[in-house]
Undergrad: 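The structure follows.
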Amino acid sequence: QVHLVESGGASVQSGGSLRLSCKVSEVTYNDYCLAWFRQAPGKEREGVAARDTDGTSSVADSVKARFSISQDHRFTTLFLQMNGLKPEDAAMYYCAAGRGNECTAYYRSRSTYFNIWGQGTQVTVSS
């Protein structure tokens with residue numbers, strides 16, 4: 001059973017940076033692709049970034065200039081680097097896994113593709 005554990009969320013001031021981590025366990029690295037989602041109170045969950053098993057990555061246009069996604073060389077940890085944080089970035093951030101290699105194709109439009117979710121890590125941004 002694939003297990004995802006997020007960490008790195010914190011309270012920061014506007015303009016600050018955070019790096020979120022998602023520890024991935026019990027998975028063969030090329031069986032699942034990964035993505036980051038976020039959900040703010042009263043808003044729909046949205047895909048933020050994704051990474052396929054072949055290394056293809058995608059970041060949502062709304063945050064592309066400030067966020068980046070990466071993975072360690074052993075494929076055990078997924079990262080989301082967030083720079084220039086704004087109050088509108090405040091949300092619970094989730095790591096999710098989808099079986100196959102279509103995370104970058106679906107993270108913005110089909111969250112049901114992702115069948116394994118972490119518990120989330122909270123990001124708060126004060127102005």
Undergrad: Counting distance only, does the side-chain N/O of D54 pair as donor-acceptor with the main-chain N or O of T56 below 3.5 Å?
TA: yes
Undergrad: Using a cut-off of 6.0 Å, state whether more than 12 heavy atoms not belonging to Q119 lie near its atom CD.
TA: yes
Undergrad: Less than 4.5 Å apart, side chain to side chain, heavy atoms only: is that true for W36 and C95?
TA: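 With C-beta onward as the side chain, the pair touches.
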Undergrad: Linking I/L/V/M/F/W/Y whenever their side-chain heavy atoms sit closer than 4.5 Å, directly or via other members, would Y94 and V5 fall into one cluster?
TA: no
Undergrad: What is the distance from atom CZ of R51 to atom CG of L34, rounded to the nearest 0.5 Å?
TA: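 It is 9.5 Å, given to the nearest 0.5 Å.
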Undergrad: Measure the NZ-CD distance between K43 and E88 for me, rounded to the nearest 0.5 Å.
TA: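 Atom-to-atom, K43:NZ and E88:CD are 7.5 Å apart.
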Undergrad: Charged N to carboxylate O under 4.0 angstrom, D89 versus K86?
TA: no
Undergrad: So how far is it from L85 CG to S17 OG, rounded to the nearest 0.5 Å?
TA: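 Between L85 CG and S17 OG, I get 6.0 Å after rounding to 0.5 Å.
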Undergrad: Looking only at non-hydrogen atoms, find the nearest pair between A60 and G47 and report the distance.
TA: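 Distance-wise, the nearest heavy atoms are CB-O, 3.8 Å.
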Undergrad: Please determine whether side-chain contact (heavy atoms from CB on, under 4.5 Å) holds for the pair K23 and T76, giving the CA-CA distance in whole Å, both sets of side-chain angles, and the decisive distance to 0.1 Å.
TA: CA-CA 6 Å; K23 181 72 174 177; T76 59; 3.9 Å; yes
Undergrad: Under 3.5 Å, is there a donor-acceptor pair between the side chain of D52 and the main chain of G55?
TA: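 Absent.
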Undergrad: Check whether L80 and V63 end up in the same hydrophobic cluster, where Ile, Leu, Val, Met, Phe, Trp and Tyr are linked by side-chain heavy atoms less than 4.5 Å apart.
TA: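 Linked within one cluster.
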Undergrad: With F67 as reference, evaluate L20, V59, N83 under the side-chain contact (heavy atoms from CB on, under 4.5 Å) test and give the passing residue.
TA: V59
Undergrad: Are R110 and Y106 in a cation-pi setup, meaning NZ or CZ lies under 6.0 angstrom from the ring centre and within 45 degrees of the ring axis?
TA: yes
Undergrad: Any non-hydrogen side-chain atom of Y107 less than 4.5 Å from a side-chain atom of F114?
TA: yes
Undergrad: Which atom names give the shortest non-hydrogen contact between A90 and A40, and what distance separates them?
TA: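 The answer is O-CB, 3.6 Å.
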Undergrad: Is there a side-chain contact between M82 and V48, using heavy atoms and a 4.5 Å cut-off?
TA: no
Undergrad: To the nearest 0.5 Å, what is the distance between OH (Y93) and CD (E6)?
TA: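 So the OH of Y93 and the CD of E6 are separated by 12.5 Å.
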Undergrad: With rounding to the nearest 0.5 angstrom, report the OG to CD distance, S127 to Q13.
TA: 9.0 Å
Undergrad: Working to the nearest 0.5 Å, report the span between OG of S21 and CD of Q71.
TA: 11.5 Å
Undergrad: Indicate, with yes or no, if V123 and I69 share a hydrophobic cluster defined by side-chain heavy-atom contacts under 4.5 Å among Ile, Leu, Val, Met, Phe, Trp and Tyr.
TA: yes
Undergrad: Check for a donor-acceptor pair, side chain of N101 on one end and backbone N or O of T53 on the other, with a separation under 3.5 Å.
TA: yes
Undergrad: Over all heavy atoms of both residues, which pair between S111 and W117 is shortest? Give the atoms and the distance, please.
TA: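 Result for this residue pair: O-CZ2, 3.9 Å.
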Undergrad: Treating E44 as the side-chain partner and Q39 as the backbone partner, does any N or O pair qualify as donor plus acceptor under 3.5 Å?
TA: no
Undergrad: Between L4 and V24, is any pair of side-chain heavy atoms under 4.5 Å apart?
TA: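 Of all side-chain heavy-atom pairs linking V24 with L4, at least one is under 4.5 Å.
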Undergrad: Considering only NZ, NE, NH1 and NH2 on the basic side and carboxylate oxygens on the acidic side, decide whether R108 and E46 come within less than 4.0 Å.
TA: yes
